[in-house]
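These notes concern the structure reproduced below.
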There are 2 protein chains.
Amino acid sequence: MHTPDLDHLDLAILSCLQEDARTIAETIGTKVGLSAAAVQRRIKRLRESGVIEREVAVLSPRALGLTMTFVVLVEMERENLAMLDAFRRQVLAEDNVQQCYYVTGTADFVLVVTAEDMAGFETFTRRMFFENPNVRHFTTSVVMDRVKVGLTLPLSGGA
Amino acid sequence: MHTPDLDHLDLAILSCLQEDARTIAETIGTKVGLSAAAVQRRIKRLRESGVIEREVAVLSPRALGLTMTFVVLVEMERENLAMLDAFRRQVLAEDNVQQCYYVTGTADFVLVVTAEDMAGFETFTRRMFFENPNVRHFTTSVVMDRVKVGLTLPLSGGA
DNA sequence: TATGAAATTGAAGCAAA
DNA sequence: TTTGCTTCAATTTCATA
């Protein structure tokens, strides 16, 4: 899992795949100047070495009726490891939580939460925050626009 | 692109694919009780109707030398449309910005930013905030742990 | 109209040069 | 690394409910 050295061909391949994971090896090969087989072998290595963590389908929140997104800053009561770990587990189990970061600063956690509507979000806050004695305080921001939502990472040699 | 009705089989299929887009139709079929062909047909429809927006490779930031992640809350000087739009465009063009949300509340924008190191982040802040007269204030939180990073949406009928 | 079974196309995986 | 062969999965066809 330690950093393998990636040449510019690897980066070009990754750039294709993080755009569209279904791009076939031959197409990539044409772009980067490599045979399909060579591309496949490189992709296999990139998967095995963990550079490609996984391949996922990105779903449309709107099509699924998840119209609302929130950013929530959470402050915990007292930071002890057991408590933080419990919160982590809770977050992982909660379907509404799309993302969670443990951060430095005033807040302890930053959450990105989706919900069907306000009512759905309120149910979530009750379950997640009000009923949790370890949560001291939380502030909610309603997302008006998802200006940029991506897992796309900047690749130095990006095609 | 308008919301098609999704039955519980569709939701089960989506649940598989947003976990692992490479799951083969036969495996999904066994899980949900459908033939491989039927699963494929449904997947095709889900793609065409835009419920599945795209399929992407999720890359490891660490493996790519992007060791640091930040959450930045940005307050703008005065909210006028032209200015907000300019900031939006800047965000979209910035490779370091992985995500950006326009939100209600004290902050105007919430950014998730990746950088190689602190120096890289500082260069970014100079370019993005200090040199931008429209940015009144910003607060940075360093991400210590990416507890949950996903685009995984909660599916009511989730398998 | 959507399904399952069988046949076809196509891409990925593998071996040998 | 490429070439060609094999295997496996996606797609199409077709009969059926």
Side-chain angles (χ1 to χ4, degrees), chain A residues 1 3-60 63-65 151-153 155-159, chain B residues 1-60 63-64 151-153 155-159:
Chain A
M1 191 67 85
T3 318
D5 6 52
L6 306 168
D7 62 21
H8 69 104
L9 290 170
D10 289 317
L11 291 175
I13 292 169
L14 290 171
S15 176
C16 290
L17 292 180
Q18 77 173 342
E19 193 66 36
D20 179 5
R22 282 164 53 80
T23 319
I24 64 170
E26 201 189 337
T27 308
I28 299 175
T30 312
K31 272 193 192 174
V32 307
L34 224 53
S35 75
V39 172
Q40 298 224 23
R41 245 178 307 103
R42 278 167 182 265
I43 292 175
K44 195 186 174 195
R45 272 199 293 109
L46 291 167
R47 287 205 186 102
E48 287 169 350
S49 64
V51 176
I52 295 175
E53 289 181 346
R54 52 203 206 118
E55 278 141 284
V56 301
V58 179
L59 310 184
S60 159
L64 294 163
L151 302 171
T152 310
L153 295 174
L155 302 176
S156 327
Chain B
M1 194 67 85
H2 43 73
T3 318
D5 6 53
L6 305 169
D7 62 19
H8 68 104
L9 289 171
D10 290 317
L11 291 175
I13 291 168
L14 290 172
S15 176
C16 290
L17 291 180
Q18 77 172 341
E19 192 67 36
D20 179 5
R22 284 164 54 79
T23 318
I24 64 171
E26 201 190 338
T27 307
I28 300 175
T30 311
K31 272 192 192 174
V32 307
L34 223 54
S35 76
V39 171
Q40 295 279 6
R41 273 190 290 260
R42 279 167 180 264
I43 291 175
K44 195 185 175 197
R45 271 198 293 108
L46 291 167
R47 286 204 188 105
E48 286 168 353
S49 63
V51 177
I52 296 175
E53 290 182 347
R54 52 203 206 118
E55 278 142 283
V56 302
V58 179
L59 309 185
S60 158
L64 294 164
L151 302 172
T152 311
L153 296 173
L155 302 174
S156 328

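So you know, we letter chains A, B, ... as the sequences are listed, proteins then strands, and number each from 1.
What separates CG of B:D5 from P of C:dT1 is a distance of 14 Å, to the nearest Å. When the P atom of C:dA12 is taken as reference, atom CD of A:Q40 falls 5 Å away, rounded to whole Å. Atom CG in A:L46 sits about 16 Å away from atom C1' in C:dG13, given to the nearest Å. When the C1' atom of D:dA9 is taken as reference, atom CD1 of B:I24 falls 7 Å away, rounded to whole Å. Separating the CD atom of A:E26 from the P atom of C:dG13 is a distance of 15 Å, rounded to the nearest angstrom. Distance CG (B:L6) to P (C:dA2): 13 Å, rounded to an integer number of Å. Regarding A:R22, its CZ atom lies at a distance of 15 Å from the P atom of D:dA9, rounded to whole Å. In this structure, B:I28 atom CD1 and D:dC8 atom P are separated by 19 Å, rounded to whole Å.
Residue B:I28 holds its CD1 atom at 10.0 Å from OG of B:S15, rounded to the nearest 0.5 Å. For the atom pair CG of A:L17 and CD of B:E55, the computed distance is 12.0 Å after rounding to the nearest 0.5 Å. Here the CZ-CZ distance, from A:R42 to A:R47, works out to 15.0 Å after rounding to the nearest 0.5 Å. Separation of atoms CG (B:L14) and OG (A:S60) is listed at 10.5 Å; rounding is to 0.5 Å. Atom-to-atom distance recorded for A:I13:CD1 and A:D7:CG is 8.0 Å, nearest 0.5 angstrom.
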Short heteroatom pairs, N/O only, protein and nucleotides 1-7 of chain D, under 3.5 Å:
unit_1	atom_1	unit_2	atom_2	d
D:dT2	OP2	A:S35	N	3.4
D:dT2	OP2	A:S35	OG	3.0

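Neither OP1 nor OP2 of C:dA12 sits under 4.0 Å from any side-chain N or O of A:K44.
Within the nucleic acid shown, B:A36 has no heavy atom closer than 4.0 Å to any nucleic acid atom.
Partners of B:R41 under the salt bridge (charged side-chain N to carboxylate O under 4.0 Å, His left out) rule, at least two apart in sequence or in another chain, do not exist in this structure.
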